[in-house]
> 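Mind looking over this structure? Questions follow.
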Amino acid sequence: MIGTQYGDEGKGKIIDTINAEYKIIARFNGGPNAGHTLFHEGKPIPLHQIPSGIFYPDKLLYIGSGCVLNLEKLLQEIKDVETLNISLEGRLVISDQVSIIQPHHLFSDGKHGGDLGTTGNGIGPAYEDKAQRYRNLRLADLLDDPIRSKDNMIKHYNQIEPEIDVRVIVERILDFSQQLKQYICRNPTWMVKQVESEKNVLFEGAQAVMLDVTHGTVPYVTSSHTIAGSAYVGGDLPPKYHRKTMGVAKAIMSRVGHGPFVSEFGGNESERYCMTNGGKKYTTAYEQSHYSPSDLMRSLNFFDLGIALRMRGEEYGATTKRPRRVGAIDLVQLAYACKSNGIDELYITKVDCLQEFSRTRLEGIPYVAAYESLSNVIIPHDDHFPTQSNDYKHITPRFQYAAAFNENISSIRKYDQLPQEVKNFVSLVEQYVGCSVKGIGVGPSREQIIVW
Ligand code: IMP
């Protein structure tokens with residue numbers, strides 16, 4: 001299951017709902033840059049590195065070799081999960097081929113990641129060293145050769161920051177690897193064995209198609225492969241076991257960090273605003289004390305509308321708390337993501353939030369039906385979908401409107417009971433993107449999903 005837009009589509013929640021036939025939930029890319037918030041008895045639980053499915057004691061949770069890990073943060077997450085009386089003993093399995101995030105990765109990302117608006121978790125530098133090879137350290141290295149690992153971490157840190165003594169931090173990382181020992185799997189064919197013994201796997205993608213290091217809006221992307229095909233590389237399983245590909249899209253889109261976002265409400269103005277001070281200025285608290293979303297919702301200015309929708313939809317980063325840039329569902333982009341990843345089943349989250357458009361002065365629910373560029377019009381499934389961030393400079397969205405609905409659908413649990421406008425909206429998405437929608441999210445909790 002992958003995100004089909006710019007991340008934060010609500011994959012964790014869908015996985016929590018449709019996991020009955022799966023025994024293993026596995027991560028194959030990314031690290032602490034990902035974040036999904038699960039709600040347990042009304043309490044939000046942000047998870048970054050542990051796969052979804054923690055609430056189901058029969059599920060195994062696998063962290064594949066394609067991930068990069070911050071060991072300190074992982075231990076903290078395990079502790080947080082344990083405070084809910086949920087044990088991960090015998091359930092959490094981490095490939096010993098996972099690369100670890102070293103102190104110099106965090107330092108470099110903190111210093112240089114701002115231009116791209118990274119999450120600052122050292123993800124890019126960690127993958128960079130994986131490709132560079134000599135500087136890379138995997139969990140296996142920490143366990144098998146702690147002295148060399150320690151020397152390497154100190155040396156590489158001091159090459160870029162000689163002033164700071166990093167020895168204590170490095171010692172702690174080695175200690176964390178020992179504390180995690182019970183979860184670390186030394187068998188590279190563990191996953192194959194599970195599947196051979198009839199255990200179904202659900203791969204949980206982190207980030208999303210448009211943030212893929214090759215197929216996204218380069219260079220404004222993450223540094224791993226986020227697309228469906230990479231699940232088998234980073235998830236340690238041969239592709240012959242593939243059965244189907246699921247995608248998740250959000251009814252009102254969002255993006256954090258810099259980069260192209262055609263359907264963004266307020267366009268460049270919104271990007272500049274959201275990324276002021278690296279995204280740290282216009283926090284939830286700031287917006288709540290300065291704006292009234294119900295007033296802004298009546299504005300015909302898309303920038304105002306974006307703020308109102310962010311506030312109403314609580315679109316603030318789970319990892320960084322940054323305000324997310326918000327936009328209409330972009331069906332040109334979604335069609336590209338579905339086609340290039342062979343999505344068989346699509347889930348659309350936050351469909352309840354579309355009700356907000358009945359409070360606006362717009363003609364209905366906006367969606368992007370085409371891109372207008374200097375020389376042509378790009379429609380869904382067009383061969384000219386932009387692949388370079390420069391291509392986006394001269395693209396403007398062509399909005400169309402679907403009929404709005406003024407009913408709160410958050411307590412509906414059956415497709416038949418949905419207002420006709422919602423059913424029409426779902427059919428419209430299916431027609432544009434060419435794959436079937438299997439379910440929708442109608443609220444933040446795990447129960448608020450309708451699957452058909
Ligand atoms: P990095 O992955 O921290 O290097 O950040 C690179 C880009 O990916 C930035 O624009 C981030 O905001 C974005 N990004 C990384 N992880 C996520 C995620 O889980 N959701 C949404 N955006 C993300």
> For the NZ atom on Lys150, are there more than 12 heavy atoms of other groups (residues, nucleotides or ligands in this structure) within a distance under 6.0 Å?
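No, because the 6.0 Å sphere around NZ of Lys150 holds 12 heavy atoms or fewer from other groups.
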> For Arg148, is there an ion pair with Asp141 - N to carboxylate O distance below 4.0 angstrom?
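Looking at Arg148 together with Asp141, the answer is yes, because their closest N to O distance falls below 4.0 Å.
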> Around atom CG of Leu374, are there more than 12 heavy atoms from other residues, nucleotides or ligands closer than 6.0 Å?
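Yes, enclosed.
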> Taking everything shown except Arg172 itself, do over 12 heavy atoms lie less than 6.0 Å from its CZ?
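Atom CZ in Arg172 is not packed in, count stays at 12 or less.
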> Parallel under 30°, tilted from 30 to 60°, perpendicular over 60°: which one fits the rings of Tyr273 and Tyr291?
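Tyr273 and Tyr291: tilted rings.
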> Regarding Ser99 and Asn136, is there a side-chain donor-to-acceptor distance under 3.5 Å anywhere?
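Looking only at side-chain atoms, Asn136 and Ser99 do form a donor-acceptor pair, the distance falling under 3.5 Å.
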> Looking at side-chain heavy atoms only, is the closest gap between Phe265 and Pro366 below 4.5 Å?
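Yes. Closest side-chain heavy atoms under 4.5 Å.
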> Which distance, rounded to the nearest 0.5 Å, do you find between the CG of Leu142 and the CD1 of Ile184?
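If I round to the nearest 0.5 Å, the distance is 8.0 Å.
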> Apply the side chain to side chain donor-acceptor pair (under 3.5 Å) test between Glu315 and each candidate in Lys350, Arg310, Arg322, Arg325; give the one that qualifies.
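Output: one option passes, namely Lys350.
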> Can you tell me how far apart CG (Leu180) and CG (Leu139) are? Round to the nearest 0.5 Å.
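That separation rounds to 7.5 Å.
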> Take Glu171 and Asp175 through the side-chain contact (heavy atoms from CB on, under 4.5 Å) test and state the conclusion after the steps.
CA-CA 6 Å; Glu171 290 284 0; Asp175 180 46; over 6 Å; no
> Have Thr118 and Asp109 got a donor and an acceptor in their side chains that come within less than 3.5 Å?
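Checked: Thr118/Asp109 side chains pair up, N/O donor to acceptor below 3.5 Å.
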> Verify the distance criterion only: is there a donor paired with an acceptor across the side chains of Ser65 and Asp236 at less than 3.5 Å?
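Yes.
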> Verify whether one side chain among Gln76 and Asp80 offers a donor that lies under 3.5 Å from an acceptor in the other.
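Note: Gln76 and Asp80 side chains meet the donor-acceptor criterion.
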> Would Asp382 and Tyr336 count as a side-chain contact (heavy atoms from CB on, under 4.5 Å) if you check the C-alpha gap in whole Å, the side-chain angles of each, and the deciding distance to 0.1 Å?
CA-CA 8 Å; Asp382 209 309; Tyr336 161 75; over 6 Å; no
> For residues 213-224, which side-chain N or O atoms pair as donor and acceptor with protein atoms under 3.5 Å away, sequence neighbours left out?
| from | atom 1 | to | atom 2 | distance (Å) |
| --- | --- | --- | --- | --- |
| Thr217 | OG1 | Tyr220 | O | 3.2 |
| Thr217 | OG1 | Arg255 | NH1 | 3.1 |
| Thr217 | OG1 | Arg255 | NH2 | 3.3 |
| Thr222 | OG1 | Asn33 | ND2 | 3.3 |
| Ser223 | OG | Gly124 | N | 3.4 |
| Ser224 | OG | Asn29 | ND2 | 3.2 |

> Are the aromatic rings of Tyr62 and Tyr183 close, with centres under 6.0 Å apart?
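So the answer is no for these two rings.
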> Between Ser270 and Glu264, does any side-chain donor sit less than 3.5 Å from a side-chain acceptor?
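Yes, a side-chain donor-acceptor pair sits under 3.5 Å.
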> Could you go through the side-chain contact (heavy atoms from CB on, under 4.5 Å) check for Met210 and Gln5 one step at a time?
CA-CA 6 Å; Met210 301 307 287; Gln5 296 161 325; 5.5 Å; no
> Around Glu89, counting heavy atoms of other residues, nucleotides and ligands shown, do more than 12 lie under 6.0 Å from its CD?
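Incorrect, the count does not exceed 12.
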> Could you check Tyr232 against Tyr241 for ring-ring contact (aromatic ring centres under 6.0 Å, His included), going step by step and ending with a plain yes or no?
CA-CA 9 Å; Tyr232 290 88; Tyr241 295 108; 8.3 Å; no
> About how many Å separate CG of Leu92 and CG of Leu74, when rounded to the nearest 0.5 Å?
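If I round to the nearest 0.5 Å, the distance is 6.5 Å.
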> Indicate whether any N or O donor in one side chain lies under 3.5 Å from an N or O acceptor in the other, for Asn390 and Lys393.
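There is such a pair (donor and acceptor under 3.5 Å, judged by atom type) between the side chains of Asn390 and Lys393.
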> Going by the rule side-chain hydrogen bond (donor to acceptor under 3.5 Å, both in side chains), which residues pair with Asp129 if we only count those two or more places apart in sequence or in a different chain?
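Listed in chain order: His104, His105, Arg135.
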> Check the surroundings of atom CD in Gln132: do more than 12 heavy atoms from other residues, nucleotides or ligands lie under 6.0 Å from it?
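Buried by this count: over 12 neighbours within 6.0 Å.
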> Is the count of non-hydrogen atoms from other residues, nucleotides or ligands lying under 6.0 Å from Arg167 atom CZ greater than 12?
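At most 12 heavy atoms, drawn from other residues, nucleotides or ligands, come within 6.0 Å of this atom.
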> Let me confirm one number: the CG-NZ distance from Leu84 to Lys79, rounded to the nearest 0.5 Å.
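So the gap between those two atoms works out to 15.0 Å.
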> Does any donor atom in the side chain of Glu430 or Ser436 lie under 3.5 Å from an acceptor atom in the other side chain?
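No pair is found: no donor N or O on one side chain lies under 3.5 Å from an acceptor on the other.
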> Can you list the steps and then say if Tyr367 with Phe399 is a ring-ring contact (aromatic ring centres under 6.0 Å, His included)?
CA-CA 5 Å; Tyr367 62 92; Phe399 286 105; 9.0 Å; no
> Can you see whether Thr17 engages Lys13 through a side-chain donor-acceptor pair at a distance of less than 3.5 angstrom?
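Checked: Thr17/Lys13 side chains show no N/O donor-acceptor pair below 3.5 Å.
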> Could you grab the distance from atom CG of Asp304 to atom CG of Leu296, nearest 0.5 Å is fine?
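One finds 5.0 Å between CG of Asp304 and CG of Leu296.
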> Within a strict 4.5 Å, meaning less than it, do heavy atoms of the Asn187 and Lys193 side chains meet?
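Side chain of Asn187 against side chain of Lys193, heavy atoms only: contact under 4.5 Å found.
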> Please tell me whether Asp330 and Tyr371 have a donor and an acceptor in their side chains that are separated by less than 3.5 angstrom.
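Their side chains do contain a donor-acceptor pair, which is all the 3.5 Å distance test asks for.
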> Hey, would you say the Tyr6 and Phe261 ring centroids sit under 6.0 Å apart?
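Close enough - the centres of the two rings lie under 6.0 Å apart.
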> For side-chain contact (heavy atoms from CB on, under 4.5 Å), just list the numbers for Gln49 and Asn70, CA-CA rounded to whole Å, side-chain angles, deciding distance to a tenth of an Å, and then say yes or no.
CA-CA 8 Å; Gln49 297 175 104; Asn70 180 318; 4.0 Å; yes
> Can you tell me how the ring of His290 sits relative to the ring of Tyr286, calling it parallel under 30°, perpendicular over 60° and tilted otherwise?
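Parallel, since the angle between the ring planes stays under 30°.
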> Can you give me the closest heavy-atom contact between Ile15 and Leu202, atom names plus distance?
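So the two residues come closest at CG2-CD2, 3.7 Å.
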> Quick check for you: to the nearest 0.5 Å, what is the distance between Gln159 atom CD and Glu161 atom CD?
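Spacing of CD (Gln159) from CD (Glu161) equals 12.5 Å.
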